[in-house]
Amino acid sequence: MSLLSSALKRIKPSPTIAISNKARELKASGRDIIALSAGEPDFDTPENIKEAAIAAIRRGETKYTAVDGIPELKAAICRKFKRENGLDYKPSQVTVGTGGKQVLFNALVATVDAGDEVIIPAPFWVSYPDIVEFCGGTPVPAMTTLEDNFKLRPEVLEAAITPKTKWLIFNSPSNPSGAAYSFDELKALTDVLVKHPHVWILTDDMYEHLVYDDFKFVTPAQVEPALYDRTLTMNGVSKAYCMTGWRIGYAAGPEALIKAIGTLQSQSTSNPSSIAQWAALEALDGPQDFIAENNKVFKERRDLVVSMLNQTKGLTCPKPEGAFYVFPSCAGTIGKTTPTGVKITNDEVFATELLNAEGVAVVHGSAFGLGPAFRISYATATTDLEEACRRIQRFCGSLG
């Protein structure tokens, strides 16, 4: 009899976390490492949010809360959806979890049975397919292309839908590509979904506020109200509010689904941190001007990285509309050989040899379901980004 369950055998550790851990280990051993693998803003949590947490501690807000969120935070989430997305939700339609990942995990575990299919546009966040497989479902990658800036085409979505399709997981702006969908681009996809009433939409809007060049964010239930009753709209405070460690994600959707998610959470983690919930309340209701200030820095970094990578031998890097990632193709390096005699056979070898030779940690594109490519997070100091890009240029230039 095996100690480990068969469900655990269907998943693997997160590649992004694994590479970040390796970079930390190498740095601790004395190597000069620039880690561009973590999806985490380098800005600190704003002071007003920290003070709200401290005030909550002093008020004694340190007890158990309602399993899926305090009423005050749920009300703030409803205000946020109305104010920013034009979506009307009641508190009974809102769930709060320990980060967006738990909300996604709960939603899929609560709904996916063996044999159910879940469409996931590729490249995708590494956790989506593993969670689906943990539930016994089948992830169905819907491929995008560099030529389309990694955006899903309606005909590709249509072709992926079968009678077994339970969900489409939709992430815009995207991790890892930074691709974001305009109203018209998203409307073309929602027109397809309207024709298939058995398909639910799980939208991951975690990077909603991280958009550039006057891009206007929209979410599926906002673009097509007919999808409101079968959409779970997920978001959180991790990225835009620089609160990754606070672990607060939330979602709104049909009451029956929200109730099921709450039941599942009641038998797993129970409530998210009470203190982090009060901090998230301040994040959503408090001043928002720092987001634009941070975005100005992110945009400058994006433009720097895109420019330097597009001047690099063997690389092609599209300019994304949002998030803080770029997803350059390294197809031009495949088949070449490093000065130490290692042949670059795929993007994982590329990333490994880049780390070995130049001390730059990136995540290989095949981990996100689409290669040959790699992901760079530009949520790090501009001087480090510039030096990392010089090292990437030197590494690619050394390949023969």
Side-chain angles (χ1 to χ4, degrees), residues 4-8 10-11 14 52-53 56-57 59-81 87-114 116 118 125 127-128 130-137 166-167 169 200-206 221 228-238 243-284:
L4 302 180
S5 75
S6 58
L8 190 60
R10 294 194 291 268
I11 64 174
S14 165
I57 293 171
R59 287 198 311 273
E61 306 283 5
T62 56
K63 310 296 184 184
Y64 292 132
T65 75
V67 165
D68 61 349
I70 58 175
E72 294 86 348
L73 179 54
K74 286 191 172 187
I77 291 166
C78 291
R79 290 192 293 272
K80 175 262 181 270
F81 278 125
L87 294 172
D88 289 304
Y89 289 110
K90 298 176 292 184
S92 58
Q93 293 178 276
V94 173
T95 185
V96 181
T98 305
K101 184 179 287 190
Q102 185 183 30
V103 175
L104 292 166
F105 188 91
N106 286 347
L108 292 171
V109 170
T111 59
V112 173
D113 288 317
D116 287 343
V118 178
W125 183 44
S127 294
Y128 296 147
D130 278 59
I131 296 173
V132 171
E133 290 187 345
F134 179 84
C135 299
K166 175 68 69 75
W167 287 98
I169 298 180
W200 285 65
I201 301 90
L202 202 171
T203 176
D204 180 348
D205 296 349
M206 192 61 74
Y228 175 88
D229 290 332
R230 51 187 170 105
T231 299
L232 183 68
T233 303
M234 191 280 286
N235 211 314
V237 297
S238 294
M243 295 176 67
T244 51
W246 297 78
R247 307 311 302 135
I248 295 292
Y250 59 82
E255 283 191 26
L257 176 57
I258 296 299
K259 185 176 180 180
I261 289 172
T263 299
L264 184 63
Q265 190 158 305
S266 75
Q267 296 292 4
S268 56
T269 60
S270 194
N271 65 273
S273 161
S274 59
I275 299 155
Q277 289 188 67
W278 286 101
L281 169 61
E282 172 62 21
L284 295 178

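At least one donor-acceptor pair under 3.5 Å links the side chain of Q265 to the backbone N or O of V67. Within the 3.5 Å criterion, the main-chain N or O of G137 finds no donor-acceptor partner in the side chain of D116. A donor-acceptor distance shorter than 3.5 angstrom exists from the side chain of S274 to the backbone of E61, with no hydrogens or angles considered.
By the ring-ring contact (aromatic ring centres under 6.0 Å, His included) test, W167 pairs with W200, sequence neighbours left out. Shown here are the side-chain hydrogen bond (donor to acceptor under 3.5 Å, both in side chains) partners of E282, two or more places apart in sequence or in another chain: N48. When the salt bridge (charged side-chain N to carboxylate O under 4.0 Å, His left out) test is applied to D68, the partners found at least two apart in sequence or on another chain are K74. Legend: residues meeting salt bridge (charged side-chain N to carboxylate O under 4.0 Å, His left out) with K101, ordered by chain and number and at least two apart, are absent. When the side-chain hydrogen bond (donor to acceptor under 3.5 Å, both in side chains) test is applied to W125, no partner is found at least two apart in sequence or on another chain. With sequence neighbours left out, the side chain to side chain contact (heavy atoms under 4.5 Å, CB included) criterion links A252 to F81, Y89, V94. Residues that satisfy the side-chain hydrogen bond (donor to acceptor under 3.5 Å, both in side chains) test with Y250, not counting sequence neighbours, are absent from this structure. Applying the side-chain hydrogen bond (donor to acceptor under 3.5 Å, both in side chains) test to S273 and every residue at least two apart in sequence or in another chain returns nothing. Residues passing the salt bridge (charged side-chain N to carboxylate O under 4.0 Å, His left out) test with D229, sequence neighbours excluded: none. In this structure, the salt bridge (charged side-chain N to carboxylate O under 4.0 Å, His left out) partners of K90, at least two apart in sequence or on a different chain, are E255.
Contacts classified as ring-ring contact (aromatic ring centres under 6.0 Å, His included) and involving residues 255-274 (residues at least two apart or in different chains) are not found. Annotation: salt bridge (Lys or Arg N to Asp or Glu O under 4.0 Å) contacts involving residues 262-279, sequence neighbours excluded, are absent.
A distance of 8.0 Å separates CG in N271 from OH in Y64, rounded to the nearest 0.5 Å. Residue T269 holds its OG1 atom at 7.0 Å from CG of N106, rounded to the nearest 0.5 Å. Going from atom OG1 of T62 over to atom CD1 of I57 covers 8.5 Å, rounded to the nearest 0.5 Å. To the nearest 0.5 Å, atom CG of residue L73 and atom SG of residue C78 are 9.5 Å apart. From L104, atom CG reaches atom CE of M206 across 7.5 Å, with rounding to the nearest 0.5 Å. Atom-to-atom distance recorded for L281:CG and K80:NZ is 14.5 Å, nearest 0.5 angstrom.
The minimum heavy-atom distance between M234 and D204, with the atom names listed, is CE-OD1, 3.2 Å. The heavy-atom pair separating L264 from A110 by the smallest distance is CD2-N, 4.3 Å. When all heavy atoms are compared, the tightest approach of T111 to K166 is O-NZ, 2.5 Å. Nearest heavy atoms, L202 versus A107: CD1-CB, 4.2 Å. When all heavy atoms of I11 and D130 are compared, the closest pair comes out as CG2-O, 3.1 Å. Minimum heavy-atom separation, R10 to C135: NH2-C, 4.4 Å.
Annotation: side chain of Q102 is not in contact with side chain of P272 (no heavy-atom distance under 4.5 Å). Residues V103 and N235 form no side-chain contact, since every pair of their non-hydrogen atoms from C-beta on lies 4.5 Å or further apart.
Defined by atom type and a distance below 3.5 Å, a donor-acceptor pair is present between the side-chain atoms of T65 and Q277.
Remark: of the listed residues L108, I169, V118, I169 is the sole one forming a side-chain contact (heavy atoms from CB on, under 4.5 Å) with Y128.
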What do the steps show when you test L284 against R79 for side-chain contact (heavy atoms from CB on, under 4.5 Å), and what is the final call? CA-CA 9 Å; L284 295 178; R79 290 192 293 272; over 6 Å; no

